[in-house]
Amino acid sequence: QVQVVDSGGGLVQPGGSLRLACEVSGINLDYYTVGWFRQVPGKGREGVSCWNIPGRITYYSSSVQGRFIISRDNTKNTAYLQMNTLKPEDAGVYFCATADAGYGCYTRGLVSGDYDHWGQGAQVTVSS
């Protein structure tokens, strides 16, 4: 059984940093795409960043490019999203998800329908 557990959310002041973690069990993350999505009340789920290993593609949405960094520690079967210089508009619930290798993460962005396993979400609040 695959489990995805998101952690690391919290309250941070504008300009601050947070690191989200996505711990996966039941599959070897080496062979899967990892994606991060953000959901804000009243809006759809937005693809923020992803890493597609077979294609060696990493993607960042224009709103986070240059501030967020996606990474993976395959020894821990965990992915991370380092979020720097946070802005109030970065706030939301962040979800990590996995997709089969080669799917879900493209140079044009994420395709949420390709993702099979989702974390429970981590709340990020950016406020002074």
Side-chain angles (χ1 to χ4, degrees):
Q1 183 178 357
V2 180
Q3 283 193 314
V4 180
V5 179
D6 303 328
S7 63
L11 171 64
V12 63
Q13 291 186 342
S17 297
L18 280 175
R19 188 178 77 159
L20 303 181
C22 170
E23 186 173 357
V24 180
S25 59
I27 56 173
N28 185 341
L29 205 53
D30 287 9
Y31 304 110
Y32 288 82
T33 293
V34 175
W36 286 97
F37 297 80
R38 174 171 65 211
Q39 188 148 25
V40 177
K43 296 186 178 180
R45 192 168 289 183
E46 173 193 7
V48 173
S49 180
C50 60
W51 188 333
N52 180 346
I53 280 195
R56 299 186 179 182
I57 295 170
T58 54
Y59 167 87
Y60 298 94
S61 68
S62 59
S63 64
V64 307
Q65 177 76 45
R67 299 186 297 120
F68 288 15
I69 302 170
I70 190 171
S71 63
R72 308 163 66 122
D73 184 341
N74 291 336
T75 65
K76 297 181 179 179
N77 226 35
T78 300
Y80 301 95
L81 186 67
Q82 176 68 42
M83 306 186 294
N84 300 319
T85 320
L86 282 160
K87 305 175 182 180
E89 53 264 41
D90 293 321
V93 180
Y94 283 73
F95 296 88
C96 174
T98 64
D100 289 342
Y103 292 88
C105 182
Y106 307 96
T107 55
R108 68 181 186 275
L110 290 79
V111 176
S112 61
D114 286 354
Y115 289 82
D116 302 308
H117 305 288
W118 293 78
Q120 81 285 5
Q123 177 71 51
V124 172
T125 303
V126 184
S127 175
S128 54

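Keep in mind it's a predicted model, so treat the numbers as computed, not measured.
- Between the CH2 atom in Trp51 and the CG atom in Leu81 there is a gap of 12.0 Å [rounded to 0.5 Å].
- Of the possible polar contacts, none joining the Asn52 side chain to the Thr33 backbone as a donor-acceptor pair under 3.5 Å is found.
- The structure places CG of Asp116 at 5.5 Å from CG of Asp100, a figure rounded to the nearest 0.5 Å.
- The hydrophobic cluster around Tyr103 extends to Tyr106, Val111, counting ILVMFWY residues whose side-chain heavy atoms fall within less than 4.5 Å of a member.
- Applying the side chain to side chain donor-acceptor pair (under 3.5 Å) criterion to Gln39, with sequence neighbours excluded, gives Arg45.
- No hydrogens or angles considered: nothing links the side chains of Thr125 and Ser127 as a donor-acceptor pair under 3.5 Å.
- Tracing side-chain contacts under 4.5 Å through hydrophobic residues (I, L, V, M, F, W, Y), one never reaches Met83 starting from Tyr80; they form parts of separate clusters.
- Residue pairs satisfying the salt bridge (Lys or Arg N to Asp or Glu O under 4.0 Å) criterion with at least one member in residues 61-75, sequence neighbours excluded, are listed as follows: Arg67-Asp90.
- Under the ring-ring contact (aromatic ring centres under 6.0 Å, His included) criterion, Trp118 pairs with Phe37, sequence neighbours left out.
- Glu46 meets the salt bridge (charged side-chain N to carboxylate O under 4.0 Å, His left out) test with Arg38; sequence neighbours excluded.
- Taking both residues in full, the closest heavy atoms of Val40 and Gly92 are given as CG2-CA, 4.4 Å, listed atom of the first, atom of the second, then distance.
- A pairwise comparison of heavy atoms in Gly104 and Ala99 identifies CA-CB, 4.5 Å as the closest pair.
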Side-chain atoms of residues 12-19: list all donor-acceptor pairs with protein atoms under 3.5 Å, sequence neighbours left out, distances to 0.1 Å.
residue: Ser17; atom: OG; partner: Asn84; partner atom: OD1; Å: 3.0

